[in-house]
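These notes concern the structure reproduced below.
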Amino acid sequence: MSEPIVRRAYGKINVFLRVLGRREDGYHDIESLVLPVSLFDTVQVGSGKGLTLELEGESTLLAPLREADPDGNLALVAARTLAREAGIDTDTTGAHIHIVKCIPVAGGMAGGSADAAVVLRALNELWRCGFDDGRLLELGARVGSDVPAMLTGGPVMVRGRGEVLHPVYATPTPWIVKSLDFQVSAADAYRWWDEDGARSGPDGGAVLAALETGATGSLGASVFNDLEPGILARHPEVAEVRDALLAAGAEAAFVSGSGPTVVALAPHVIHADKIAERVPGSVVVIGPPG
Ligand code: C5P
């Protein structure tokens, strides 16, 4: 029996998220800069019979996961997808997955997708499937739109519905993350964008240039999220959190991905702790993680 594999699954923020339009398959074409940050789940994958999943973490964080259909958990979906592709009978050659959650659930930080990406890589090793990166990316896209970006592990510009990837360079920048105690589904966030007039922001050139140098002033002036207006219109409490982070000294504050987690950019790493202290429940992260 092989030793269990233990890896970190880093969450992400979308430094900009531009929605280009709704497609015939119901998804939306997007352009986005996905930046992994130093907030992570810990995923342990070991051999077992059948596919089993154990979740650990603060009860408030786990409650929505426990209420959801366990078969729909992206870590298990990833394991089933890989097993099917590799022709593995999981009744005999299965896996036990243990996840310590720290990334907000259904919060717009791709925690579930990050866990799924780690499971795909770990089981590829444990089951000796021998799939290369290209094949894993293809399988990841079947599991969820955010999984390919999370498989790359570094800052990446995404297009299509999230599966077209261009790795980029990003100087580490300091962020403050504030999760909220409710969930927004990605399907709702994208539907609200359709319903509210389908407006697209500018191309992300200014964001990419600022991220390369880590110039927080120009980065703060260029970040945006096209999904944000629809979320703020339906959840005004999100705007209150954003305003509190700005009042605390953030360079910019906005919703990450499909929300509702709010992220704020600190002018400099020396200011990040002070901003977080002024907004209870927020945490400081660095993106990309060291
Ligand atoms: O791919 P994933 O299962 O994470 O997507 C969840 C839902 O989010 C999709 O069913 C779709 O409604 C919406 N979505 C979208 N466009 C994307 C990604 C997600 O409309 N690029």
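Sequential numbering from 1 along the given sequence is applied to the chain's residues. Basis for what follows: all heavy atoms, side chains included, without hydrogens, waters or symmetry-related copies. Start at 1 and go down the list; that is how both ligands and their atoms are numbered.
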- Task: For G26 and ligand 1, answer yes if some heavy atom of the residue is under 4.0 Å from a ligand atom, otherwise no.
- Result: yes
- Item | Polar atom proximity, S145 to ligand 1 (N or O, under 3.5 Å) | yes
- Between K12 and A110, the two heavy atoms sitting closest are CE-CB, 3.4 Å
- Give me the ring orientation class for H96 and H98: parallel if the planes are under 30° apart, tilted from 30 to 60°, perpendicular past 60°. tilted
- Carboxylate-amine/guanidinium contact R191 D188, below 4.0 Å: yes
- Task: Report the nearest protein non-hydrogen atom to atom 7 (C) of ligand 1: residue, atom name, distance rounded to 0.1 Å.
- Result: A187 N, 3.9 Å
- Message: What protein heavy atom lies closest to atom 13 (C) of ligand 1? Include the residue and the distance to one decimal.
- Response: Y190 CD1, 3.7 Å
- Please work out whether the ring planes of Y10 and F40 are parallel, tilted or perpendicular, with thresholds of 30° and 60°. perpendicular
- Would you indicate which of A186, S32, G160 comes nearest to atom 6 (C) of ligand 1 when only heavy atoms are counted? A186
- Item | Ion pair check, D41 and K101, cut-off under 4.0 Å | yes
- Item | Closest approach of any protein heavy atom to atom 9 (C) of ligand 1, naming residue and atom | Y27 CE2, 3.7 Å
- Query: What protein heavy atom is closest to atom 21 (N) of ligand 1, reported as residue, atom name and distance in Å?
  - Reply: H28 O, 2.9 Å
- Geometric class of the F16/F224 ring pair [parallel <30°, tilted 30-60°, perpendicular >60°]: tilted
